[in-house]
Amino acid sequence: TLMETQQRVSALQDELQQQQALAAAAVAAYEAKIAELESELADRTDRALVLQRQLEAELAAKVAELGQCVELLHQAEATLEERTAWAHQLQATIQNLQDTMNTAQASRWIRLGRAFGVGPDLQNR
């Protein structure tokens, strides 16, 4: 039975070595997979950072462009306000001139002078 026990111990030791070899192989495979995944994660992180920098640069450029558009819009609004005021002033001047013309045309003195052929002809103007 001592012989059987030694054989049994030897078989268990062999089985333990096989299990340890299998476990070591599994650990090595897991470590290789972890290294592969860490490398892939590092690559993806680097690509994400590059993409983030590009997007931030594009966003900054678009914000600057939008700022320029807003400034141009303000300038256009100011020009529009100036031209509107000018147009209103011009319209008031035209109305004053028309009123003066109508008053002159209605004047008895102008009509009398025209009747004698010495006054201006305001009707054809």
Once you round to the nearest 0.5 Å, how far does [atom1] of [X] lie from [atom2] of [Y]?
X: T103; Y: N96; atom1: OG1; atom2: CG; result: 10.5 Å
X: Q75; Y: L73; atom1: CD; atom2: CG; result: 10.0 Å
X: T93; Y: W86; atom1: OG1; atom2: CH2; result: 10.0 Å
X: I34; Y: L41; atom1: CD1; atom2: CG; result: 12.5 Å
X: Q91; Y: T84; atom1: CD; atom2: OG1; result: 13.0 Å
X: K62; Y: L59; atom1: NZ; atom2: CG; result: 10.5 Å

Review point. Just by distance, do the side chain of S39 and the backbone of A35 share a donor-acceptor pair under 3.5 Å?
Key: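 Not a single qualifying donor-acceptor pair exists.
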**Study point:** Contacts of type side chain to side chain donor-acceptor pair (under 3.5 Å), residue E31, not counting sequence neighbours
**Key:**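 In terms of side chain to side chain donor-acceptor pair (under 3.5 Å), with neighbours along the sequence ignored, E31 is linked to no residue.
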Point to revise | Contacts of R47 that satisfy side chain to side chain donor-acceptor pair (under 3.5 Å) - sequence neighbours left out | key: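 Checked R47 against side chain to side chain donor-acceptor pair (under 3.5 Å); zero matches.
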Point to revise | E40 bridged to R44 by N-O distance under 4.0 Å | key: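 Yes.
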Check your understanding: So does R53 pair up with E56, basic N to acidic O under 4.0 Å?
Key ->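 No salt bridge links R53 with E56.
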Exercise for review: Kindly give the heavy-atom pair with the smallest separation between R111 and Q105, and that separation in Å.
Suggested key: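 Heavy-atom minimum between the residues: CG-O, 3.8 Å.
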Check your understanding: Heavy atoms, side chains only, cut-off 4.5 Å: are Q98 and Q95 in contact?
Key ->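 Yes, side chains in contact.
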For a quick test of your reading: what N or O donor-acceptor pairs under 3.5 Å do the side chains of residues 1-29 make, sequence neighbours left out?
{"residue": "T5", "atom": "OG1", "partner": "T1", "partner atom": "O", "Å": "2.7"}

**Study point:** Path from L55 to V63 over hydrophobic side-chain contacts below 4.5 Å
**Key:**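 Looking at the clustering, V63 is in a separate group from L55.
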